[in-house]
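Following: one structure in structure tokens, then a few remarks.
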Amino acid sequence: MRTATLGPAERAEALAGMAERELDILVVGAGVVGAGTALDAATRGLSTGLVEARDWASGTSSRSSKLIHGGLRYLEMLDFALVREALKERGLLLERLAPHLVKPVPFLYPLQHKGWERLYAGSGVALYDAMSMARGHGRGLPMHRHLSRRQALRVAPALKKDALVGALQYYDAQMDDARYVATLVRTAAMYGAKVANRARVTGFLREGERVVGARVEDVEGGGEYEIRARQVVNATGVWTDDTQAMVGERGQFHVRASKGIHLVVPKDRINSTTGLILRTEKSVLFVIPWGRHWIVGTTDTEWDLDKAHPAASSADIDYLLEHVNSVLAVPLTRDDVQGVYAGLRPLLAGESDATSKLSREHTVAHPVPGLVVVAGGKYTTYRVMAKDAVDEAVHGLDQRVADCVTEDVPLVGAEGYHALWNARARIAARTGLHVVRVEHLLNRYGSLAEELLDLVAADPGLGAPLTGADDYLRAEVVYAASHEGARHLDDVLTRRTRISIETFDRGTRCAREAAELMAPVLGWDKDQIEREVEHYEKRVLAERESQRQPDDLSADAARLGAPDIVPL
């Protein structure tokens, strides 16, 4: 089967194709749930379209803690069903669906009380491991272990000696959330889905009470398309209520946004060979290994301001630094913070006023004929949410449709990954790249890394790293625009790569070089290159300014000081 390429020509063809004839399913929103829904529908043999107003994963799905996990803390809430479901999905992703993208990660839980806490927390972690093994998908991760204080300080010397009496170590998994979604979209396209980003739904088509499609604006080209579909799936996350308002229906549930912010700090600022999980008064705090960095997060506060660009305030940053420093022998300072990002969780509103108490479970509804809504949930369980959404849509198709098969459909790049990983030294010798570079490509693209190596073979200059962002090759910028649907500089520096949070200059040093690499692929002239660089620099300035503000209101105002990306 041929790999789908998501370049400018393919995007134009997809939009025209969606408008040409009625689809079975049109999915609105290309976060992880929308992309997963498109893949589920396409692999059942349904004609499928996927439209996204901005970029793949530009909302919540690129701003998470980047964990694939069962939700250990939900055991304490006695939500066994959610944990069981998530652990099964974690195992599937690690072992079968995306071994190139999803990797094991160790966490240390410091114990602060002798006796009872080890018994209590140890029982919870033991149950977590047992539930994972019982699903038949837990063999890819080591079992938890109990550590004395001395053993814990050996694996995490950064901890204060008086911050723990012992520890537990257990394993979960992590991925690059935005890269994962881009790979999902490409997989859906490979199975026949027509996909287009920068394509905004401006209204729904109606015949009486029934929704029969959507009006879609091409944000780049300026045209408008009427895309007809027998069923439309609203998978717009925190924008669910806004999308529902277009049909005059809020639906049977309400979605509230909870803001979570994360700090990115260099690896050498925290001396540890393992991630950390710490209790706070409201939730838990993670210190997560992330390549040559750590991710520290997260917060959990209500947000009712701009949904497209949630802002981290100075108070948010201080909160995380205060809590992580409570256990670190050498405290982190503001100067150690290399990157900051803020995301919004779409939570199903309930009785509680506190967003940390709202449901992480998902709901699927059919508020009006022809329109299915899916909302809530966790990143880890996206595949289950997608299955439930398509199952609901199938009820309205009035035809026999195959059952979900995504449990057995690996993402593009998964097939052949292990064989190429075993051959990485030979690939390095063949290409002239350092073996570390080859490993980097394999862990971001899997077997699709061969396509990037072909680019380097054709133009050896693309095998050099980006100036000021040494972790990434110049070829990755070109590939993002030619194969992965990147339309703007921001798409590449923020989501196809993580340069915007992994460098102290937030990507401004390499912005012009990256824009010039993208220009031939996307047909940019010098003026467009200037606009792209200027927009990116203004975005970085606005984010930095927002992070100096004392509260959400002033942070939001500062972040909105940078206009959104200009169309081509």
Fill in: Closest non-hydrogen atom pair, W239 against R54
CH2-NH2, 3.5 Å
Worksheet item: Can you name the residues that form a side-chain contact (heavy atoms from CB on, under 4.5 Å) with D454, not counting sequence neighbours?
Response: none
Worksheet item: Side chains of T494 and Y341: does their closest heavy-atom pair fall under 4.5 Å?
Response: no
Worksheet item: Salt bridge check: are K194 and E13 linked by an N-O gap of less than 4.0 Å?
Response: no
Worksheet item: Considering residues at least two apart in sequence or located in another chain, which fulfil the side chain to side chain donor-acceptor pair (under 3.5 Å) criterion with E450?
Response: R430
Fill in: Pairing residues for E89 by the salt bridge (Lys or Arg N to Asp or Glu O under 4.0 Å) criterion, not counting sequence neighbours
R383
Worksheet, complete the sentence: Nearest heavy-atom contact between L50 and G29 is CD1-O, 3.5 Å
Discussion item. Using the ring-ring contact (aromatic ring centres under 6.0 Å, His included) criterion, which residues pair with Y180? Sequence neighbours excluded.
Written reply: Y382
Worksheet item: Do you see a donor-acceptor pair shorter than 3.5 Å between the side chains of W290 and E502?
Response: yes
Item to complete: Measure the spacing between CG of L141 and CE of M133 and express it to the nearest 0.5 Å.
Response: 10.0 Å
Fill in: salt bridge (Lys or Arg N to Asp or Glu O under 4.0 Å) involving R63 - partner list, sequence neighbours excluded
none
Worksheet item: Got a salt bridge between D300 and R345, using NZ or NE/NH1/NH2 to carboxylate O under 4.0 Å?
Response: yes
Discussion item. Taking I261's backbone N and O only, do any of them form a donor-acceptor pair with T298's side chain (distance below 3.5 Å, no angle check)?
Written reply: yes
Worksheet item: Do you see a donor-acceptor pair shorter than 3.5 Å between the side chains of H262 and S65?
Response: yes
Response to the item:
Heavy-atom nearest pair, S61 first then V181, reads CB-CG2, 4.0 Å
Item to complete: Please indicate whether D408 has more than 12 foreign heavy atoms, meaning atoms of other residues, nucleotides or ligands, lying under 6.0 Å from its CG.
Response: yes
Worksheet entry | Lys/Arg-Asp/Glu bridge criterion (N-O < 4.0 Å) met for D306, R559 | no
Worksheet item: What is the minimum heavy-atom distance between A42 and A188, and which atoms define it?
Response: CB-O, 4.1 Å
Worksheet entry | side-chain contact (heavy atoms from CB on, under 4.5 Å) partners for P8, two or more places apart | R487, L522
Discussion item. Among R198, R531, R539, which residue satisfies the salt bridge (charged side-chain N to carboxylate O under 4.0 Å, His left out) criterion with D490?
Written reply: R539
Practice prompt. Please determine if E85 and K378 form a salt bridge, counting it only when a charged side-chain N lies under 4.0 Å from a carboxylate O.
Written response: no
Worksheet entry | Heavy-atom pair of closest approach, residues L46 and D24 | CA-OD2, 3.5 Å
Discussion item. Please enumerate all residues that pass side chain to side chain donor-acceptor pair (under 3.5 Å) together with E476, with sequence neighbours excluded.
Written reply: H440, R444, Y445
Practice prompt. Return the minimal non-hydrogen interatomic distance between A86 and T380, and the atom names on each side.
Written response: O-CG2, 3.6 Å
Fill in: By salt bridge (Lys or Arg N to Asp or Glu O under 4.0 Å) - contacts of R44 (at least two apart)
D40, D391
Fill in: Listed partners of R200 passing side-chain contact (heavy atoms from CB on, under 4.5 Å), at least two apart
A53, E217, V219
Worksheet entry | side chain to side chain donor-acceptor pair (under 3.5 Å) partners of D55, counting only residues at least two apart | N197, R495, R496
Worksheet item: Are there more than 12 heavy atoms of other residues, nucleotides or ligands under 6.0 Å from atom CG of D525?
Response: yes
Fill in: Partners passing side-chain contact (heavy atoms from CB on, under 4.5 Å) against E10 (at least two apart in sequence or in another chain)
T5
Fill in: Separation between CZ of R21 and CZ of R228, rounded to the nearest 0.5 Å
14.5 Å
Worksheet item: What residues form a salt bridge (Lys or Arg N to Asp or Glu O under 4.0 Å) with K66, not counting sequence neighbours?
Response: D177
Discussion item. For E415, I'd like to know if atom CD has over 12 heavy atoms of other residues, nucleotides or ligands within 6.0 Å.
Written reply: no
